[in-house]
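For reference, the structure discussed in these notes is given below.
First the proteins, then the strands, lettered A, B, ... as listed; each starts at 1.
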There are 2 protein chains.
Amino acid sequence: MQLNDLSLMPIDPSNVSLNLDRFLPYRLNRLAHNVGVSLATIYTDAFGISRSQWRVMALLGQHQRLTAKQICNMTHMDKVKVSRAVNGLVKLNYLQTTPDKADKRAVLLTHSVEGKELFQVMVPQVQAWEEDFLKKLSVQEISQLATIIDKLDPSNEY
Amino acid sequence: MQLNDLSLMPIDPSNVSLNLDRFLPYRLNRLAHNVGVSLATIYTDAFGISRSQWRVMALLGQHQRLTAKQICNMTHMDKVKVSRAVNGLVKLNYLQTTPDKADKRAVLLTHSVEGKELFQVMVPQVQAWEEDFLKKLSVQEISQLATIIDKLDPSNEY
DNA sequence: CAGACATTGTTACTTATGCAACTAAATGAC
DNA sequence: GTCATTTAGTTGCATAAGTAACAATGTCTG
């Protein structure tokens, strides 16, 4: 199925019309949803970690030590969402919290020992999933997609 | 910021690591979310129509007459989600329902007069939004994106 | 340093979403 | 035809997610 034209084009001059299959926001949303559901089987089914919790874990795997606020900025997640994900992870013993001495409102978050272990186990599985998923594209297309996404949703300013 | 490599690469051989900024499911989800929120201002703020309701309206704008089941198949939406979207639209008088004579379980859905009117008003605004959004990409990139999305999430088999 | 304003994170309330169980109708085996 | 199995759509319950209001702390102005 071709998808190369703009999705909206008048057919009858007196009536606007829209081809949903070619409507980018729709296709994007459907794709992201399907990807998310598929990937979630790894961290949800196998490890009992929610989508937002996984995201927090991943970010802390990369940056070791962050406040909730920083996580918000980096991921564009709502602060309530982050707060809840963090609290869940703390209860599961995957995160360690240290009060920020410089700012008593903030809390510094790091992986706990169990968190590090979990992360080490999860990442290869997630990696395998991504690799398999991207097999549908050529190397060139993967690179194109990355460029395009970056243009449409510029990465973090933090 | 470059995003051309696979997002997962071992840095320290003994420790796996993951760069979230380059992790495709994450980037895809964030992009789709931002697009969705931005677009929703049109149909939610201006017309009081939810995301899934908009989708149902759009599909019926294209196919005139569908059952809820067909909408499920076409959009990959959960049947409960469709059911609720439809019921909401019926209450708002944007949809008309006709029992299917051939199958008494099914209900045929069409735009009501008000629904048609609403649709005619919404589509140009949505179209304008998409056009503006896609200005960030070259014509070639738009075409590449369409091709890539179709490979990653093949369009409807209905 | 006092008062106004901003910021971090939480809680409470509301709405969206998903799954499982259900009703009613249809299909199919025999 | 009758009983078991699917199927269309709804309802009920549990979870996710967003908004607004809040407490506690920080910052800035004068």
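In this structure, A/Trp129 and A/Ser38 approach most closely via the heavy-atom pair NE1-OG, 3.0 Å.
Within the 4.0 angstrom heavy-atom criterion, only backbone atoms of the sugar-phosphate kind lie near B/Asp78; the bases stay farther away. Residue contacts shown for B/Lys79 include a base, since a base heavy atom lies under 4.0 Å away. When heavy atoms are screened at a 4.0 angstrom cut-off, A/Val86 is found touching no nucleic acid atom at all. Counting any heavy atom pair closer than 4.0 Å across all strands shown, B/Asp100 reaches no nucleic acid atom. Within the nucleic acid shown, B/Val107 comes within 4.0 Å of sugar-phosphate atoms alone, with no base atom in reach, counting heavy atoms only. Heavy atoms of B/Ser52 sit under 4.0 angstrom from primed sugar atoms or phosphate atoms, though from no base atom.
Note on B/Thr67: every side-chain N or O is 4.0 Å or more away from OP1 and OP2 of D/dA8. Between C/dG18 and A/His33, a contact under 4.0 Å exists linking OP1 or OP2 to a side-chain N or O.
Applying the 3.5 Å distance criterion, the base of D/dT25 shares a donor-acceptor pair with the side chain of A/Arg105. On a pure distance criterion of 3.5 Å, a polar donor-acceptor pair joins the side chain of A/Arg84 and the base of D/dG18.
Under a 4.0 Å N-O distance rule, the pair A/Arg105/A/Asp100 does not qualify as a salt bridge.
Taking the six-membered ring wherever Trp is involved, the centroid distance between the rings of A/Tyr94 and A/His111 does not fall below 6.0 Å.
Spacing between atom CD of A/Gln70 and atom P of C/dT8 amounts to 10 Å, rounded to whole angstrom units.
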